[in-house]
There are 2 protein chains.
Amino acid sequence: MALRHAVLAALLDEELSGYQVTKAFAVGVANFWHALPQQVYAELAKLEKEGLVAGREVVQETRPNKRLFRVTGGGLAELERFAAAVAKPSFLRDDLLVKVQAADHLDSEVLIGRLLERAAFADAKAASFEQLLRVMRGDRDEAEFLLRGARVGPYLTCRRGLDFERANRDWCREVVAVLRARRGAGPGS
Amino acid sequence: MALRHAVLAALLDEELSGYQVTKAFAVGVANFWHALPQQVYAELAKLEKEGLVAGREVVQETRPNKRLFRVTGGGLAELERFAAAVAKPSFLRDDLLVKVQAADHLDSEVLIGRLLERAAFADAKAASFEQLLRVMRGDRDEAEFLLRGARVGPYLTCRRGLDFERANRDWCREVVAVLRARRGAGPGS
DNA sequence: CTGCACATGTAAACAGTTACATGATTTT
DNA sequence: AAAATCATGTAACTGTTTACATGTGCAG
């Protein structure tokens with residue numbers, strides 16, 4: 001399981017509440033992991049019981065109280081152990097690819113609709129990652145930031161997310177072009 | 001659930017046994033879905049009970065008997081329904097990205113080892129996808145094949161798999177270069 | 001006064017992985 | 001003789017998603 005490690009990684013740089021970790025999983029962390037609020041709360045409870053994170057109650061006047069968590073020494077050691085183990089190969093697991101695999105047997109119009117939807121979504125996500133990257137590197141240029149910036153980890157994972165979404169977008173548009181061209185030319189002609 | 005749809009898509013072009021579907025999930029289909037033999041057998045049993053695939057017993061002399069499955073009209077209709085629904089956004093879910101996210105707090109040497117491992121793995125997978133693509137398009141050039149070839153679906157998904165693995169490889173190598181450069185220069189210097 | 005953001009969970013259903021189980025044939 | 005391939009599963013466990021549950025404060 002790597003959800004626990006994703007949560008630990010998200011807590012490394014700052015103390016966060018369960019709610020804030022959930023938010024992190026919806027923006028920056030979204031390039032490499034995804035989790036629902038319920039999972040995050042459950043995982044934080046387990047991590048606390050095992051001593052890998054420590055929570056402290058923060059009483060708030062205008063908002064419901066919250067618990068802020070930080071990674072303990074044990075948590076960091078756990079991350080170190082995790083990093084030392086061979087990483088499982090990752091693969092794409094995508095509804096859209098299943099649909100395109102079956103494209104020759106399905107209605108092209110419908111599929112083209114789904115592909116254009118996804119292309120637009122990927123493009124929007126790419127734009128938001130670009131924005132995030134600009135914020136992270138500030139006024140430095142990229143090479144300078146990567147060489148001497150503090151915390152390049154989040155920057156590098158965000159870069160991967162950006163490339164991934166760009167590739168998604170480009171592939172979707174290319175598949176659309178192929179399907180449209182074939183509709184005109186027809187296979188076997 | 002899309003495992004059922006991935007299985008249906010794999011059976012569209014040819015009759016296959018559970019074992020052969022498992023093999024398909026280990027090579028070509030691997031770019032868009034992944035499944036263990038147990039899952040495949042269980043899913044085929046369910047699909048047959050629901051009338052989405054039809055199995056027939058094939059008695060073999062030298063090998064254990066096997067059951068070959070084909071997609072029924074109901075199965076094709078199910079795929080069509082699936083294709084018409086909005087596809088869930090896909091995201092990366094990768095142990096290595098979690099590790100890189102935490103890179104600033106971890107031992108670089110260990111991480112570099114994992115990244116080089118993955119780069120080699122991705123490179124090998126990319127090579128095997130390139131080979132698969134060559135086999136699929138035969139002596140035609142790509143544009144010609146995409147315009148007039150039969151069954152471009154598997155080709156297009158394999159192309160996505162190839163781009164994905166190339167991007168993985170390149171990203172891993174870039175991260176290694178960054179970590180090595182920082183080891184020399186040191187952050188904040 | 002409606003909807004969104006804050007804040008935290010429980011319960012049930014579904015999907016995926018790991019371990020176990022069996023047994024024949026073909027290749028090295 | 002050992003290892004890989006063919007061929008098919010069951011059982012237990014772990015992880016993920018969906019649905020439900022609750023309550024406050026602020027902005028439009």
Side-chain angles (χ1 to χ4, degrees), chain A residues 1-7 15-27 29-30 32-50 53 55-69 82 85-95 98, chain B residues 1-7 15-27 29-30 32-50 53 55-69 82 85-95 98:
Chain A
M1 179 195 20
L3 169 60
R4 69 187 310 111
H5 303 115
V7 170
E15 241 184 347
L16 296 173
S17 68
Y19 187 80
Q20 288 172 307
V21 172
T22 294
K23 291 289 129 181
F25 272 95
V27 285
V29 182
F32 65 90
W33 210 267
H34 171 260
L36 299 162
Q38 307 93 300
Q39 277 177 282
V40 172
Y41 287 115
E43 198 61 49
L44 282 169
K46 263 201 284 182
L47 286 168
E48 190 178 25
K49 205 164 65 181
E50 295 170 39
V53 303
R56 62 183 182 92
E57 187 84 15
V58 175
V59 180
Q60 294 181 122
E61 297 285 303
T62 65
R63 291 280 177 200
N65 293 349
K66 62 180 173 183
R67 309 199 62 224
L68 290 184
F69 295 91
F82 169 66
V86 174
K88 299 189 186 174
S90 72
F91 48 88
L92 293 169
R93 176 173 293 198
D94 188 338
D95 281 3
V98 176
Chain B
M1 178 197 15
L3 170 60
R4 66 187 313 108
H5 302 115
V7 170
E15 243 184 345
L16 296 173
S17 68
Y19 187 81
Q20 287 173 306
V21 172
T22 294
K23 291 289 130 180
F25 272 94
V27 284
V29 181
F32 66 89
W33 211 266
H34 171 259
L36 299 163
Q38 308 92 301
Q39 278 178 280
V40 172
Y41 286 115
E43 198 61 50
L44 282 170
K46 266 202 280 182
L47 287 168
E48 190 177 26
K49 207 165 64 181
E50 295 171 39
V53 304
R56 63 183 181 91
E57 187 85 15
V58 174
V59 180
Q60 294 182 122
E61 295 287 302
T62 65
R63 290 281 176 202
N65 293 349
K66 62 180 173 183
R67 309 198 61 225
L68 291 183
F69 294 91
F82 170 66
V86 174
K88 300 190 186 171
S90 72
F91 47 87
L92 293 169
R93 175 172 294 198
D94 189 337
D95 281 3
V98 176

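Here is how names work: the chains are called A, B, and so on, in the same order as the sequence lines, proteins then strands, and each is numbered from 1.
- As rounded to whole Å, 14 Å separates atom C1' of C:dA15 from atom NE2 of B:His34.
- A heavy-atom distance below 4.5 Å is found between the side chains of B:Phe69 and B:Leu44.
- Each of A:Leu3 and B:Ser17 has a nearest nucleotide on DNA chain D; the 5'-most of these lies closest to B:Ser17.
- Protein chain A contacts DNA chain D from D:dG15 to D:dC26, reading 5' to 3' and using non-hydrogen atoms of the protein with a distance under 4.0 Å.
- Panel note: side chain A:Asn65, backbone A:Gln60; a donor-acceptor pair is recorded below 3.5 Å.
- Listed by chain and residue number, nothing satisfies the ring-ring contact (aromatic ring centres under 6.0 Å, His included) test with B:Tyr41 (two or more places apart in sequence, or in another chain).
- For A:Gln60 and C:dA7, the shortest distance from a side-chain N or O to OP1 or OP2 is below 4.0 Å.
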With a 3.5 Å cut-off and sequence neighbours excluded, list the donor-acceptor pairs that the side chains of residues 15-25 of chain A form with protein atoms.
unit_1  : atom_1 : unit_2  : atom_2 : d
A:Glu15 : OE1    : A:Arg56 : NE     : 3.4
A:Glu15 : OE1    : A:Arg56 : NH2    : 3.0
A:Glu15 : OE2    : A:Arg56 : NE     : 2.8
A:Ser17 : OG     : A:Tyr19 : N      : 3.4
A:Ser17 : OG     : A:Gln20 : N      : 3.1
A:Ser17 : OG     : A:Gln20 : OE1    : 3.4
A:Gln20 : OE1    : A:Ser17 : N      : 2.9
A:Thr22 : OG1    : A:Gly18 : O      : 3.1

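- For B:His5, the side-chain hydrogen bond (donor to acceptor under 3.5 Å, both in side chains) partners two or more places apart in sequence, or in a different chain, are B:Glu78.
- Each salt bridge (charged side-chain N to carboxylate O under 4.0 Å, His left out) pair with one or both residues in residues 60-69 of chain A, not counting sequence neighbours, appears once here: A:Glu48-A:Arg67, A:Glu57-A:Arg67.
- Across all non-hydrogen atoms, the minimal contact from A:Ala30 to B:Phe91 is O-CB, 4.1 Å.
- Applying the side-chain contact (heavy atoms from CB on, under 4.5 Å) test to B:Lys88 and every residue at least two apart in sequence or in another chain returns A:Asp95.
- At a threshold of 4.5 Å between non-hydrogen side-chain atoms, the residues B:Phe82 and A:Val98 count as touching.
- Under the rule for a side-chain hydrogen bond (donor to acceptor under 3.5 Å, both in side chains), B:Arg93 has no partner lying at least two apart in sequence or in another chain.
- Nearest-nucleotide positions on DNA chain D for B:Lys88 and B:Leu68 put B:Leu68 closer to the 5' end.
- Residues from residues 19-26 of chain B placing a heavy atom under 4.0 Å of any atom in DNA chain D, listed by number, are B:Tyr19.
- Using a 4.0 Å cut-off on heavy atoms, the residues of residues 39-49 of chain A that approach DNA chain C are A:Tyr41, listed by number.
- Residues satisfying the side-chain contact (heavy atoms from CB on, under 4.5 Å) criterion with A:Gln39, sequence neighbours excluded, are A:Leu3, A:Ala35, A:Leu36.
- For the helix from C:dC1-D:dG28 to C:dT28-D:dA1, the terminal axes (five pairs an end, C1' atoms, rotation from four pairs onto the next four) enclose an angle of 50°, given to 10 degrees.
- For the pair A:Leu36 CG and C:dA11 P, the computed distance is 18 Å after rounding to whole Å.
- No hydrogens or angles were tested; on distance alone, nothing pairs the side chain of B:Gln38 with the base of C:dT17 as donor and acceptor under 3.5 Å.
- Counting non-hydrogen atoms under 4.0 angstrom, A:Arg93 reaches the backbone sugars and phosphates but no base.
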| remark: Going 5' to 3' through nucleotides 21-28 of chain C and flagging B where a protein heavy-atom sits under 4.0 Å of the base, S where only the sugar-phosphate is that close, and - otherwise, we get --B-BS--

